[in-house]
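Worksheet: the structure to be examined is printed underneath.
In the text below, chain A, chain B and the rest are named by the order of the sequence lines, each starting its count at 1.
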Amino acid sequence: MSPVTTVGAMPRALLAKRLAQGLHLQTGPFITCVRTSIDVVVDGIARLYADYPVSDAGYADFRLTLAPPPGLRRWFRPQVCAEFDLPSHFLPMPRAHAFAMFEWMMNWCISSRVNHYLIIHAAVVERGGRAVILPAPPGSGKSTLCAILVNAGWRLLSDELALVDPESGMLIPAPRPISLKNQSIDVVRRLVPSAVMSPPAHDTLKGSVAHWKAPSDSVARADEPAMPAWVIYPRYQAGAALALQRLPKARSMMRLAENGFNYSELGAAGFEALGDLIERCDSYDFSYSVIDEAVAAFEQLLGSP
Amino acid sequence: MVSLALAWRLTPLQRLARRCWEGECVVFNDVTGDTHLLGDEALTILAHLASRPADGHSLQLLFGGNFGAEENEEFLELLRHLGQLELIEPCPP
């Protein structure tokens, strides 16, 4: 059995060569064949995916290519195009947004094409064997809170996609870089000056976007599922007092269903998986404005039975 | 026009899965693929109609009967709502 190669074990030139040919990148349970020669993406993968295994198996769950468009746009206000092995809705974007586009494509591959897990739009972190699911709409501070908790020692399972195994009820890790937007970028930079981040891409569809490297320990433990214990709907409100308010299970289930990427496609199986998840979790609405208070509130949860 | 004299039945062919906690239920309809949040009263009506069709008067007896005018209107509204969700439908004449 050959030793596992990681992205970081490859010299930059070799990584660029492998990416040009198609690199089989393993993120959690998925293998993606990534093909690109665009420097911004090669640099981003070298920087933020250094800990990730590279598969030599030849098999890939997804195949995606990031390439310049044909014609003059290769030279004039250069763009990048996304290509998949199946039709997608991605339009060409400015080349400076290529790494952010790569991250969105990776999310899209999973959320639109994986149906053996129930997939919920939510961050997931774990500590002491118990996981917190953080579903929330854009702008609620979900990713910022996720980054803060990870910095405080929680294990990252995902910043964006909670993967629920319907058979076991466990949450399947697929840790990838945490997506930070607009003011969150500076908040996290101030909080964690040593954070390894991608250069911000400005004026994207989501404003300014930067990605924070997932902790090495979270990546190393990507084969360790976690038991869900809490569903917490976070909301950052400037000046708001900390509030953790219990949410009735039935209402939490309805809200979680609304955040499901493939809940409808799974039909009755999705309903049962979601019902089992809610059954074993306590649910809360959570408002915060002070980061240290938010972290302390989560630490208190750990002490609860 | 929905009146208390109208007889209702469960929408045919559907199987309703449910999860209930603290007086509220989440119900999944495998025909429409929709998920609904329902209270105790709605669940009581669905459970009764699962055994046999019934009109509004009979269904009111499940809750003790003796409804006032305002309560009648609220009850009819509940039946209309369950009909709009395609969980129940009027019995064919």
To check you understand the geometry: which heavy-atom pair defines the closest contact between B:D55 and B:A5, and what is its length?
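Heavy atoms only, the tightest pair is CB-O, 3.6 Å.
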Any idea which heavy atoms bring A:L171 and A:A131 closest together, and the distance?
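Minimum heavy-atom separation between A:L171 and A:A131: CD1-CB, 3.6 Å.
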Heavy-atom check, side chain of B:L46 versus side chain of B:L38, under 4.5 Å
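With C-beta onward as the side chain, the pair touches.
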Below 4.5 Å, heavy atoms only, C-beta onward: do B:L61 and B:H57 meet side chain to side chain?
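No; the side chains remain at least 4.5 Å from each other.
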List the steps, then state whether side chain to side chain contact (heavy atoms under 4.5 Å, CB included) holds for A:V114 with A:F62.
CA-CA 10 Å; A:V114 171; A:F62 319 113; 3.7 Å; yes
Exercise: do B:N72 and B:Q60 side chains pair donor with acceptor under 3.5 Å
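Yes, side-chain donor-acceptor contact under 3.5 Å.
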Can you pull out the donor-acceptor contacts between chain B and chain A, under 3.5 Å, including backbone atoms?
| unit_1 | atom_1 | unit_2 | atom_2 | d |
| --- | --- | --- | --- | --- |
| B:R19 | NH1 | A:G275 | O | 3.3 |
| B:R19 | NH1 | A:D276 | OD1 | 3.1 |
| B:R19 | NH2 | A:E272 | O | 3.4 |
| B:R19 | NH2 | A:E272 | OE1 | 2.7 |
| B:R19 | NH2 | A:D276 | OD1 | 2.7 |
| B:W21 | NE1 | A:E279 | OE1 | 3.1 |
| B:E22 | OE2 | A:R246 | NH2 | 3.0 |
| B:E24 | OE1 | A:R251 | NE | 3.1 |
| B:E24 | OE2 | A:R251 | NE | 2.7 |
| B:E24 | OE2 | A:R251 | NH2 | 2.3 |
| B:T35 | OG1 | A:Y263 | OH | 2.6 |

Heavy-atom pairs under 4.5 Å with chain B are the metric here; pick the option from A:G270, A:A257, A:G267, A:A250 that has the most.
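When all of A:G270, A:A257, A:G267, A:A250 are compared, A:A250 has the most.
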